[in-house]
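Everything below concerns the one structure shown next.
Heavy atoms only: backbone and side chains are in, while hydrogens, waters and symmetry mates are out. In this text, all values refer to a predicted model and were calculated from it rather than measured experimentally. First listed ligand is number 1; within each ligand, the first listed atom is number 1.
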Amino acid sequence: MTIVVCNWKMFLRHSEAIKLAEEIAKQELGKVKLVILPSYATISAIEKSDKFELGAQNCTTQEEYGAYTGDVSAKDLKEIGCKYVLVGHKETAPRSKWEIRDRGFAACKAGLVPIVCSEDPMELACLPSPHIIAYEPSENIGAKDPMAMEKIAWFVSKLKHMNYNNLPQSILYGGSVTEENVKEIVSIEGLDGVLLGRAGSNKESLFKIIEKLQ
Ligand code: 13P
């Protein structure tokens, strides 16, 4: 199975996201394990389906409820049906490695699996277990081309050879993945899937990517 995580960012209106999830639910996904990350406002409105799992695009560092205006609790995300949460995405500022780590711990404590975005394998020590790593180089997010294949392969092999006692459950690559390059990217040894931005928010390109991965 190849994991495809769709970060819908703020690309889709509420009604468009609901509709896209309905279309996905009618689709044959074959060898693809699909995860969708709608906006906070839309997660609850997405009709549950056995075709995909749900996640959120971020969560607070706080493990307990309290006076944190505007924050979103990982416990609430779990309660409304999320299984995953993306943490440390470059578009969510501010970001320090400690803050990302704390978001990951809050997610795990709530029973979610954090998908931790990173550019540097060295900053990934001390993450909670289980977790997923997404290699997302900032210069390739929303860009024309993905990172060079050798560099993605280097990152994956570096992670696999780290002496961490809690290795990631899966490793993904994100940044300008399209239907043209997805096949080559997932052929990288040790890579379990991709994290899509634009291509995962558009029905035609998402379905083409799913087809390519069969
Ligand atoms: P693009 O696929 O649009 O480059 O975005 C990647 C991304 O940020 C996924 O989280």
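Between Glu64 and Lys75 there is a salt bridge, since a side-chain N of the basic residue sits under 4.0 Å from a carboxylate O of the acidic one. Ion pair Arg103/Glu99 flagged as a salt bridge, since at least one NZ, NE, NH1 or NH2 atom sits closer than 4.0 Å to an Asp/Glu carboxylate oxygen.
Applying the salt bridge (charged side-chain N to carboxylate O under 4.0 Å, His left out) test to every pair with at least one member in residues 182-203, sequence neighbours left out, gives these pairs: Glu23-Lys203.
Through side-chain heavy atoms spaced under 4.5 Å, either directly or across other Ile, Leu, Val, Met, Phe, Trp or Tyr residues, Ile3 is tied to Val5, Val35, Leu37, Tyr84, Leu86, Val113, Ile115, Ile132, Leu172, Leu195.
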For ligand 1, which of its N or O atoms have a protein N or O partner closer than 3.5 Å, and how long is each gap?
residue, atom, partner, partner atom, Å
ligand 1, 2 (O), Gly197, N, 3.0
ligand 1, 3 (O), Arg198, N, 2.9
ligand 1, 3 (O), Arg198, NE, 2.6
ligand 1, 4 (O), Gly142, N, 2.7
ligand 1, 4 (O), Ser176, N, 2.8
ligand 1, 4 (O), Arg198, NH2, 3.0
ligand 1, 5 (O), Lys9, NZ, 3.2
ligand 1, 8 (O), Lys9, NZ, 2.7
ligand 1, 8 (O), His89, NE2, 2.7
ligand 1, 8 (O), Glu136, OE2, 3.3
ligand 1, 10 (O), Asn7, ND2, 3.1
ligand 1, 10 (O), His89, NE2, 3.0
ligand 1, 10 (O), Glu136, OE2, 2.9

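Checked against side chain to side chain donor-acceptor pair (under 3.5 Å), Ser205 has the following partners two or more places apart in sequence or in another chain: Asn202.
Follow the hydrophobic side-chain contacts under 4.5 Å out from Ile24 and you reach Phe11 in the same cluster.
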